[in-house]
Each structure stands twice: as structure tokens, then as C-alpha cells.
Amino acid sequence: MDLLYLFIFAVSAFFTILVVALIGYFTVKFRRRNPDDVGADIHGSLALELGWTFIPFVLSMVMFGWGASLFFRLATPPANAMEVFVVGKQWMWKVQHPEGVREINELHVPTGRPVRITLGSEDVLHDFSLPAFRVKMDAVPGKLTTMWFEATKVGTYHIFCAEYCGTKHSGMIGQVIVMTPQDYEVWLSGGRSTGTAVENGERLFTDLACVTCHKPDSTGRGPSLLGVYGSTVKLTDGRNVVADENYLRESIMNSQAKVVAGYQGIMPTFQGMVTEENLMQLIAYIKTLKPAAPEAKK
Ligand code: CUA
């Protein structure tokens, strides 16, 4: 990221200096010396025209290609990433680790391991910004977003909210504490775990009575959720959608938005009954639901 930034800066600086210096030089060199001087006619130059079209084209395509490949890397968390939930709320960051340890305005991570952050917002637009890792992502109310980074050096780094979100926006800050993997394990075991995200999600699934309609077999009033995550779902209006995190989130909060074909839209909305953290836990649990005996694919 820094190298690309430096490259774009160097190219811009080179041409800015070149153009300004040439303007200065030509102003002096071709100044009018006599009141009746007339400038020479210019009839164009194909070589020049091609040159100043082709060179900027190549340079801008290098910037584009380089930038796009970095963007795709940023947008695709590695499969082995550890998953951390972060919820923005006026005016703090709530963090939950996969093992269930929670923290506020602090994020402990080990070195050498990609960290995938699933980001939500309890109220308004925030932005989780980690300048040291060159990543930031909006926390958008009503949907989940993701970002990832991998820390390489032990230390303490800033967390900022990078989206104006109210009076105490400037105080919505925190620290990423990067530890060696050994120290991280020690830190984790010392933290007060309130159950893993999946355990909490499973409890909510029972407490909220999801389980009464979403039975593992197809006998429930709602579709079975076994293997739903990542699958393609057919809706009553004929559309096919992929059941990703945002689909699951929407189906819990606004159950009528996308009703699965063959079912009635009788599910109540859970808007106001579950927090963003609860939602992430429910989704974490639903993701673990796999068909009991997967049939061999042909
Ligand atoms: Cu949250 Cu600015």
C-alpha cells in the first residue's frame, strides 16, 4: 500500500516539477524581445502526440492494475483468518473474540495470523479505522461489513472512528494490542469468557424460540437452516439469492423482505429485540449448522 502510494506520489511530483520548470524555462527563452516579434507557426508533431498519449496511458494503467489487485486482496479475507466481531455504538467499540472474550475499545490480536473483522453498528454510521494496518471500513447500521488485516509487529496501535457520528466522535478511539501468539493465548485464557459466539448464538436460538419453527428436518413452519449459510435460496417472488451474512441478518430483522419459496411470511421481526452483537452470535451459530449426514456429491 505504501509502495503504491509512493509510486503515485513520485509520478505526480515528477510531472508537476517537469511542467512547472518547463513553463518557467520557456517563458524566459521565448519571451518577446522586440515589440513587433511574431511567434513561429506550429504544425503539430505526431511523435509528440503519440508520446504524451502513450506514456500517461501506461502509467495510469500501472496505477489502476496495482491498485485493483491490492483492493481485491483487501476485500478477500484469507480462509484461515480468526474471526472477531466489532460493533460500533455511540461512542465506543465493542469487541468479541471467537472464544467468547469481550473487550471495549481494545482489540488484542496475535502476530502472524490474519484477523477478519465482521463489523456492525448499533446506531449510526461509524468507521473502524486502523491506520497502522492501512485498513478502514464503515460500520453501517442495518448491515454487516468485513475487513481484515494481519499484524506483524508486537506493539500498540490506534483505533479511530473515521466517520463523524455525533458529539463524542473524536473520543471514539481505542487500541489494537498486538501480542506474540504465546502471550495472546495467555491473555485469552485470563479473559472472562461469557461463552463463545456460537454458544451464545445457540442459546439465543432457543431463547427466542427460533428453534420451534426452524426445525432441522423440513417439518417446521420455517425452512430448515441446516447448511443454509452460503447456499442459494429460492424466494417466493422467484428470485434466487445467496444466503450470506447480510441475508441472514435481514431475515432476522426484516423477515418479510425475502421469504423462502414454499413458506408463508409468518415470522415475526426481531427488530428491537436483539442487539447487533446478538445478531452476530445468531449468525455465527447458523453458520455452524450443517446437514447431519452430507450426501456424497455426484
Ligand atoms: Cu463513531 Cu465517529
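Just so you know, these numbers come straight off a predicted model, no measurement behind them. We count ligands from 1, going down the list as the structure has it; atoms in each ligand are counted the same way.
- Taking 4.5 Å as the limit, every side-chain heavy atom of Val228 sits out of range of all side-chain heavy atoms of Leu289.
- Between Lys136 and Leu130 the shortest side-chain heavy-atom distance does not fall below 4.5 Å.
- Protein nitrogen, oxygen and sulfur atoms, that is N, O or S, within less than 2.8 Å of atom 2 (Cu) of ligand 1 amount to 4.
- In this structure, NZ on Lys258 lies 15.0 Å from NZ on Lys234, to the nearest 0.5 angstrom.
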Item to complete: With side chain to side chain donor-acceptor pair (under 3.5 Å) as the test, would you mind laying out the steps for Gln281 and Gln96 before giving the verdict?
Response: CA-CA 10 Å; Gln281 292 162 345; Gln96 188 178 357; 3.1 Å; yes
Fill in: Steps toward side chain to side chain donor-acceptor pair (under 3.5 Å) verdict (His97, Glu103)
CA-CA 8 Å; His97 288 258; Glu103 42 188 343; 2.6 Å; yes
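- Under a hydrophobic-cluster definition in which Ile, Leu, Val, Met, Phe, Trp and Tyr are linked whenever side-chain heavy atoms come within less than 4.5 Å, directly or via other members, Val95 and Val101 are assigned to the same cluster.
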